[in-house]
Undergrad: 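To start, I am sharing the structure in question, which I have written as structure tokens.
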Protein chains: 2
Amino acid sequence: MTGSAVEGTTRIQARNRQAILEAGLDVFSQHGFRGATLDQIAGEAGLSKPNVLYYFASKEAIYAALLERLLDTWLAPLAALDPDGEPEDEILGYVRRKLVMSRDYPRESRLFANEILQGAPRIGEILGTDLRVMVDDKAAVIRGWAADGKIADVEPHHLIFSIWALTQHYADYDVQVRAVLGGADPFPQAEAFLVHLYRRTIAPGPPSGRERT
Amino acid sequence: MTGSAVEGTTRIQARNRQAILEAGLDVFSQHGFRGATLDQIAGEAGLSKPNVLYYFASKEAIYAALLERLLDTWLAPLAALDPDGEPEDEILGYVRRKLVMSRDYPRESRLFANEILQGAPRIGEILGTDLRVMVDDKAAVIRGWAADGKIADVEPHHLIFSIWALTQHYADYDVQVRAVLGGADPFPQAEAFLVHLYRRTIAPGPPSGRERT
DNA sequence: CGTGCCTTTGACCGAATGGTCAAATCGGCA
DNA sequence: TGCCGATTTGACCATTCGGTCAAAGGCACG
């Protein structure tokens, strides 16, 4: 062995754990926790079922590991929203980062969607505490921008929800989007549309599009 | 028996079939097809498992019946978009109708979401044919409005996607929305926000919010 | 009140599920 | 090369799964 006795992470351990998580992400994101089977995960990872359980104590443990790894990176784009930046740049930057995540990590988005659809039994508490704190924090920033007249007076929470909904839609409903559009890559057009939509939505001015005479 | 020999739908048949579909909607919308179990559906419907299979040939048949019943009503709001109406009224009306459906039929929205997340194995073909035809049709209408300068020049397909994403988000991610917002009913604020967003997005004028000098 | 069909269910089946365990194999180091 | 822990697996287990079936129960009508 190479590593020390305390830090017991062999090369082969890292590789197999990674393969299991990769396979688990595939299966869980498509069928949810209850719909996924260990045999399927093992098969996709190229390991036998007992071998999978040698690296993870249970099906639940694989799922938990995936969720934990996900939550870390999932909120990073929102955390990067800078209170001292230019409002429009900050919000459009957030939209772009989230859209790129939907394009590059669609399975992670679907895994999250599945967990929420099931009622968030495992991450419900985190949603009501950690997530809520961060969203409230960023919402306050956005509210400040609105109060200063730098952007339109929109409800910040729903603005954030809308960014989640619009960007994750291109990951979660990818099959539907491509079925309707045909074969072409939806993301370039999606980005152009979302930039238009958010420039218009947050531009300072009267609350509605029907301009006053 | 009361009904004729040909029209064999007893009162009790209608009641039990309805109870099974109701229970199936609950379970399938939460756990997806593979994650749902007949025992759970039977228990929730107040019937024994063999009795459930007396009314539906298989688990698959219950799921199929739900999907078929869903597809009929799911696209009705889009079909109601009137090419001869006032563009802003038509689009905002569509948004409102879809939002009401998310509020009143969240389980149906989640059932649909689950099917799409699984890769739409059962309705994939419909998406690429019937749905696509209808969306293309409505997209042409919207494109015409844009060409006439009645609304902004937005890509119509992505405009429709955005309406789906924003409205269904309040059904599919209801748990998350409520966890972040607290106990209050999100829908009144959601409607106000969406009306603002779409008024701004489709208002005629320059493509972006950064006004020219 | 009895007959015939609709409805319900207990018992059961084979397959798949998550998980266990002891034994076999592997891989690196002395 | 031989050793020892890390790794892998075949066999197995209890439970749950979707589904079957024959028998029992219920209901409306003559």
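Being a predicted model, the structure only gives us computed values, none of them experimental. In what follows, every chain begins at residue 1, and chains take the letters A, B, ... in the order their sequences are listed.
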Undergrad: Using a cut-off of strictly less than 4.0 Å between a heavy atom of the residue and any atom of DNA chain C, enumerate the qualifying residues of residues 113-122 of chain B by number.
TA: none
Undergrad: Would you indicate what F56(A) reaches in the nucleic acid, counting non-hydrogen atoms under 4.0 angstrom: base, sugar-phosphate, or nothing?
TA: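 The answer is nothing, as F56(A) stays clear of every strand by at least 4.0 Å.
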Undergrad: Looking only at heavy atoms, what is the nearest atom pair of L131(B) and Q176(A), with distance?
TA: CD2-OE1, 3.9 Å
Undergrad: Report all interatomic pairs (protein N or O, nucleotide N or O of nucleotides 20-27 of chain C) with separations under 3.5 Å.
TA:
none

Undergrad: For L47(B) and dG25(D), what is the distance between atoms CG and P respectively, to the nearest whole Å?
TA: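 My rounded result for the distance is 19 Å.
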Undergrad: With rounding to the nearest 0.5 Å, note down the distance linking CD in E86(B) to CG in L92(B).
TA: 10.5 Å
Undergrad: Would you find a donor on one side and an acceptor on the other, under 3.5 Å apart, between the side chain of Y170(B) and the backbone of V177(B)?
TA: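 Absent.
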Undergrad: Using a strict heavy-atom distance below 4.0 Å, which residues from residues 29-46 of chain B are in contact with DNA chain C?
TA: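 None - not one residue of the stretch has a heavy atom sitting under 4.0 Å from the strand.
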Undergrad: Rounded to the nearest angstrom, tell me the gap between atom CZ in R15(B) and atom P in dC27(D).
TA: 10 Å
Undergrad: Please check: side-chain N/O of S29(B) versus main-chain N/O of R110(B), any donor-acceptor pairing under 3.5 Å?
TA: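 Not a single qualifying donor-acceptor pair exists.
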Undergrad: Output yes when at least one side-chain N/O atom of Q13(B) is less than 4.0 Å from OP1 or OP2 of dT7(C), else no.
TA: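 So the side chain of Q13(B) is within the cut-off, an N or O lying under 4.0 Å from OP1 or OP2 of dT7(C).
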Undergrad: Indicate yes or no for a side-chain donor-acceptor contact from E90(A) to the backbone of D82(A) under 3.5 Å, with no hydrogens or angles considered.
TA: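 Side chain of E90(A) to backbone of D82(A): a pair is present.
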Undergrad: Within a 6.0 Å radius of atom CD on E60(A), are there more than 12 heavy atoms belonging to other residues, nucleotides or ligands?
TA: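 Yes.
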Undergrad: Could you check whether any side-chain N or O of H196(B) sits under 3.5 Å from a backbone N or O of T201(A), counting only pairs where one atom can act as donor and the other as acceptor?
TA: yes
Undergrad: Return no unless some side-chain N or O of N51(A) is found under 4.0 Å from OP1 or OP2 of dG10(D).
TA: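 No, no such contact exists.
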Undergrad: OP1 or OP2 of dA6(D) versus the side-chain N and O atoms of N16(A): is any pair under 4.0 Å?
TA: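 Checking N16(A) against dA6(D): no side-chain N or O falls below 4.0 Å of OP1 or OP2.
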Undergrad: How are the rings of Y63(B) and F28(B) set to each other: parallel, tilted or perpendicular (split at 30° and 60°)?
TA: perpendicular
Undergrad: How many Å lie between CD on E60(B) and P on dC17(D), as a whole number?
TA: 17 Å
Undergrad: Between K59(A) (NZ) and dA16(C) (P), how many Å, whole number?
TA: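 Answer to the nearest Å: 16 Å.
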Undergrad: Without decimals, in angstroms, what is the distance between R11(B) CZ and dG26(D) C1'?
TA: 14 Å
Undergrad: Can you tell me if R17(A) uses its side chain to pair, donor with acceptor, with the backbone of Y55(A) under 3.5 Å?
TA: yes
Undergrad: Got a salt bridge between R107(B) and E22(B), using NZ or NE/NH1/NH2 to carboxylate O under 4.0 Å?
TA: yes
Undergrad: When you measure from the side chain of E155(A) to the backbone of H157(A), do you find a donor-acceptor pair of N or O atoms at a distance under 3.5 Å?
TA: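 Indeed, once roles are kept as given, a pair shorter than 3.5 Å links the two residues.
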Undergrad: Under 4.0 Å: is that the gap between some side-chain N or O of Y54(A) and OP1 or OP2 of dT7(D)?
TA: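 Checking dT7(D) against Y54(A), a side-chain N or O does come within under 4.0 Å of OP1 or OP2.
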